[in-house]
Amino acid sequence: MASKEIPYKIYLEESEMPTAWYNLRADMKVKPAPLLNPQTLKPASLDELSAVFCRELAEQELNDTDPYIPIPEEIRSFYKMYRPSPLVRAYCLEKKLGTPAKIYYKFEGNNTSGSHKLNSAIAQAYYAKKQGLRGVTTETGAGQWGTALSMACSYFDLDCKVFMVKVSYEQKPFRREVMRTYGASVTPSPSETTAIGRKILAEHPGTGGSLGCAVSEAVECAVSNDGYRYVLGSVLNQVLLHQSVIGLETKAALDKYGIKADVIIGCAGGGSNLGGLIAPFVGEQLRGEANYRFVAVEPASCPSLTRGKFAYDYADTGMICPLAKMYTIGADYIPAPNHAGGLRYHGMNGTLSELRHQGILDAVSYTQTDVFSAAVEFARVEGILPAPESSHAIRAAIDEALRCKETGKEETIVFGLTGTGYFDLYGYQKFNDGLLETYIPSDEELAKSLEKLPKVNG
Ligand SMILES: *Cc1c(COP(=O)(O)O)cnc(C)c1O
């Protein structure tokens, strides 16, 4: 049997690594709706975007025609320090589940930041440096993005100011120290250092913060400091573009062994790892070359794709960033605390939202308890201690494999294992002690939040 010859880990050679990112939007007949300027509510121009973002990144944000964008050599050499990442055949998990399904996962946790976020951090830091900037500002939820960006900034000698969602800042002091070790400054958000932070603190005293309000603080800090721009680790199309390196490597590894995936699964916060993982496969499907099932997995406590509305919304609580048409539960909605901090964002990337709207992308949601039980099951047989975010994809992959067990179908399941969970042991502790809380917002609660969506046509 051919499957016997497939190694536990499929590694690519350095020479097989992608030389260009793949821009999925180029192959979409119906393109994602344009970003809107938050003041004029007209499509955001390159100049307007360049006031907040680095110029070349703004160009990438607006580019929906070029299918391939070359990866600059400086970025490729950084990639080579921790890439290609392995595509692992989960033989032990398959055996444990007794499933006829074949399970593969693309592991992105093999770098100090512990997640896929470094793939975009290094690209964004590169373009900031190339533009001659002094530094960048950003937000971080669970801390992975801030860590990745501080690594990338220290590599290119850029200043890095991180606004970290307060609950994470308190729960994950060691993440903060990793960032500071790489030279970044870290401020808990909401903070007194920005106007929007002070406003949010006045309205919600004692709040643990949210990604949306940390974004607003970081943007304010960038636009009020000379030589700074704001960078974002998820949600934007440029981030999906950089993360396509995950999907391109996955496809190359599968092709190398003649493996055809049936189902491709990824966890979805702002959508960057999922978008990057599925991009080349969605491209094939859009061009009529193959068929796949694509599944987004999100927390039940922050259900943008499964229970949100497809509409224009603000990307941040402060309404400074451009508006995007996306699945959203409302920019003002502050999701209940969840140990998968990287998935606590109110909206979903516009390209993925459009794919969902077109029926190409499925979505499911799980509670924290479901997710941690999958994480533990996976860790015990596959060895890797997964991040809670990644464990959403594990949960869905296990459930898919169990369905195959019932139907006897030998499906090939591929999922993205976005990172490791060494900084999430507080969550694991709660789970091990049986104290993990689950929260599912009521319909009324979501409806109330959605009432506040901006009144924009489209
Ligand atoms: C940030 C993060 C995510 C979610 O972000 P996306 O942009 O949706 O990919 C998932 N997993 C890990 C480990 C993360 O750090």
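Both ligands and their constituent atoms are indexed starting at 1 by order of listing. As a basis for the values below, the full set of heavy atoms in this structure was taken, side chains included, without hydrogen atoms, waters or symmetry mates. Nothing fancy with the numbering, it's 1 onward along the sequence. Source: prediction; values computed, not measured.
- Within the 4.0 Å heavy-atom cutoff, G270 counts among the residues contacting ligand 1.
- Look at Q243 and you'll find every heavy atom at least 4.0 Å from all atoms of ligand 1.
- Residue contact check: H116 has heavy atoms under 4.0 Å from atoms 2 (C), 3 (C), 9 (O), 10 (C), 11 (N), 12 (C), 14 (C) of ligand 1.
- At distances below 3.5 Å, at least one donor-acceptor pair connects side-chain atoms of E220 with backbone N or O atoms of I196.
- In this structure, Q368 contributes its side chain and E437 its backbone to a donor-acceptor pair below 3.5 Å.
- Closest protein heavy atom to atom 7 (O) of ligand 1: S234 OG, 2.5 Å.
- For ligand 1 and S115, the ligand atoms under 4.0 Å from any heavy atom of the residue are 13 (C), 15 (O).
- Panel note: side chain E249, backbone S85; a donor-acceptor pair is recorded below 3.5 Å.
- Using a cutoff of 4.0 Å between basic side-chain nitrogens and carboxylate oxygens, D399 and R403 are not scored as salt-bridged.
- Looking at L343 against ligand 1, only its side chain comes within 4.0 Å, counting heavy atoms.
- Regarding atom 8 (O) of ligand 1, its nearest protein heavy-atom neighbour is G269 N, 2.7 Å.
- The closest side-chain donor-acceptor pair between N349 and N237 falls under 3.5 angstrom.
- For atom 15 (O) of ligand 1, the nearest non-hydrogen atom from the set E108, K117, E389 belongs to K117.
- Under 4.0 Å from ligand 1, the heavy atoms of A268 that appear belong solely to its backbone.
- Looking from atom 12 (C) of ligand 1 to the surrounding protein, the closest heavy atom is T418 OG1, 3.3 Å.
- In this model, a donor atom of one side chain and an acceptor atom of the other lie less than 3.5 Å apart for N338 and S301.
- With Y8 as the aromatic partner, R89 does not meet the cation-pi criteria of under 6.0 angstrom to the ring centre and within 45 degrees of the ring axis.
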